[in-house]
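Single-structure report; data block below.
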Amino acid sequence: MKNIDSITHTRGQSIYLDDIPLIQGTLFGAALGSPLAHGILKGLDLSAAESLPGVVRIFTHKDVTGENQIGGIVPDEPLFADGHVHFCGMPLAFVVAHSDEIAREAVRKIRVEIEPLPVITDPREAQAKGELIVPPRTFQLGDTQSAWKDCAHIFEGRSDTNGQEHLYIETQGAYSVPLENGNFRVYSSTQAPTAVQRAVSKVMGIPMHCLDIEVTRLGGGFGGKEDQANGWAALCALASLHLGQPVKYALSRADDIAMTGKRHPYSADFRIGLGKDGKILAYELTLFQNAGAAADLSPAVLERSLFHCTNSYFIPNVKATAYSCRTHLPPNTAFRGFGGPQGMFVIEAAISLAAEKLGMDTSVLQKKNLIRTGEEFPYGQIAQSEALECWEKAESLYQADALRKEIADFNAANALFKKGMSFQPVCFGISFTKTFMNHARALVHVYTDGSVTITTGAVEMGQGVSTKMVQVAAAMFSIDPAKIRIQATSTWRIANTSPSAASATADLNGKAVLMACTEIVNRLLAVAAAELGVDAALVGLKDGSVWVNGTPSGLGWKQLILAAFTRRVSLSEHAHYATPDIHFDPSKEKGHPFAYHVYGTAITLVTLDCLRGRYTIDAVRVVHDSGASMNPLIDKGQIEGGLVQGIGWMTMEEVLYDDKGKLLTNALSTYKVPDIYSAPGEIAIDFLHTEKDNLAIFRSKAVGEPPLMYGIGAYFALASAIKAFNPSAVLPISAPLTPEKALMGLYSQPLYPDGQQDRPGHSAVTGPMASSTATRSPHE
Ligand code: MOS
């Protein structure tokens, strides 16, 4: 089934926050962010801004009627700076004016006086100074201390991964409309309507039941609107409370990039030990997470880095410690993969280093260590593994041996272009790692004309969850999907929602829809049996009508609904689903936190221009464990999107702050994201279809986050191309591997330190290329 939004999307008729028709009297907000990352707020001169015609009022922390606090997990994030500023972009004031333009102009007229304090941007420095968001966490399996002596080979290293800008197409924003009796409807571009409701309630000092947070859809979220939509909604709601008028604020792209947090950069130290046979025996890891200036979701992100620190591998002895480090960057936040990718990158780096030192193909080591069913993850869950199945299917389907030979031949024949190839296995746990968050509700109404509406806590952000909800109801009722409408997520219709996140949205909400529909179906079948005078056990719904004993009865869906209505049978249901069988004990760091795991393997092929450091990602060929995909078209879309986003993170997207904590890459001219020209030349996706039972909706495994981590393969394919050109290249393990870094890597060491001129593959490199060019400018 096609995405139900495809028609309105292509016609430009889909409603996003900025498309909501304005109510008369609507005013427009704009926030002033701190120009400095750390300091004491000495003065805020609003006079010039206030006297600008069209400015209605300027709000600061003094105007907060409830608590000046929006921290979700830890209450450490003031909505408005009060006394101190902790990051560049931290809101200092909120201007409300008669137009967007006036509000933004007024923001520029506010004079700020801040006494600067020392700025920390490096997580290792923060850790050394004891600046931690929460106490460190350690996951442990076996005993690494005693395992080292059994290792034939031990390697150590450091790895770094950088942040990533979410770059959702729709920027952050909210629109607060006062209703009667002190109620407010807040339209918010959020993945988490209940989180917005809770934050707004706290800031305003009014009960949650006064607030209807409504979300029709988002123009992308990627985690950036899991926690960070709260502040903008609180600003608008607070202003609309004071003014009694609707207030709207949709951030400009520049403000959004500068003021919001990103994917967490991580620095890591690792130590890996292998037996003679190449089996990994021990792995030790220390992670330094750059949390930014406030907790936001960092503690939960940190936890997932630990959960995924061994990726798809079984390692009998593991000790992984993670520090969430407080710096003076905007609070970093959820981003597709939620810390998982950062954890996985390190083990891939460790295996790749070990393979290089041992003179082996990395893929041989990877494959040898894939986790098997029955083996244990460091957090105690026993694997139901598809890792080897995905790997072997990828090897045979995409003819890995032929590819290896093709690349070797190409590299032997070409001096200034080298190809690289990598295998990237992925194993990602599905469920919120906080067990209590794994629940959802659905409200299903069948109307007397046979049409159906569904409301759930699932926020549609382009991932196609609304389409999947329609599919569930259409299958349960056995009616035309056109009879079913998905309504906007609303905290008055569906309460206490978990965010649309953790890849779990379709599973959790889909199961709730399934349960609600099942209840209604059971009632309808009793009605049908009574209407037809047959045993209820013989009755079923099929193709829009009632069937008895395998044949159509002539009683159609619409007649059945009318019959139920006249018999005063409820045609509505509100169902609650909570994932069974999951548990986790943080005091032991052990349990069974995930409903299931998603596995997959990607083969990535790249070509590197060794004169310029430029490269192309030629192909990514994937075998992805879908269980039994309920919508292959949507799932392929998610895999392609996630993959390209992951490649962007690993290759070209480079978030840079200066040492004063100011974002340097604050526009799309300086922050490069993959466009169609830098996307892989070919993406092949094959589903590993399994028959095993799982907890996914219709056994269709979650697909939101896992594919992002296929992108890690691009880093290692490029690294291998660099080594093919210069086997003695010294390449710091540091993502993204931008063309600049690739170039520096290519010429990081003299190609022929011993004067040797005839290394295989380098025979055509003569003259200036043969000398050290490490200091050469990366520009042509
Ligand atoms: Mo998603 S990164 O779990 O919002």
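Whatever order the structure lists ligands and atoms in, that order sets their numbers, starting from 1.
Residue-ligand proximity, F338 to ligand 1, at heavy-atom distances under 4.0 Å covers atoms 2 (S), 3 (O). Heavy-atom proximity to R336, at under 4.0 Å, picks out these atoms of ligand 1: 2 (S). For ligand 1, the atoms lying closer than 4.0 Å to a non-hydrogen atom of F335 are 2 (S).
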Set out, in order, the CA-CA distance, both residues' side-chain angles and the distance that settles salt bridge (charged side-chain N to carboxylate O under 4.0 Å, His left out) for R253 and D256, then state yes or no. CA-CA 5 Å; R253 177 65 63 187; D256 190 301; 5.2 Å; no

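Side-chain atoms of S503 and E705 form a donor-acceptor pair, as typed in the model, at a separation below 3.5 Å.
In terms of polar-atom proximity, defined here as any N/O pair under 3.5 Å, Q191 does make such a contact with ligand 1.
Checked against the 6.0 Å centroid criterion, the rings of Y175 and Y249 do not qualify as a close aromatic pair. In this structure, the ring of Y16 has its center no less than 6.0 angstrom from the ring center of Y187.
Residue nearest to atom 3 (O) of ligand 1, selected from G340, A502, A504: A502 (by heavy-atom distance).
Considering only heavy atoms from C-beta on, H264 stays 4.5 Å or farther from P123 through its side chain.
Heavy atoms of E226 found under 4.0 angstrom from ligand 1 belong exclusively to the side chain.
In this structure, E705 is part of the shell of residues with a heavy atom less than 4.0 angstrom from ligand 1.
Residue L708 holds its CG atom at 9.5 Å from CE of M344, rounded to the nearest 0.5 Å.
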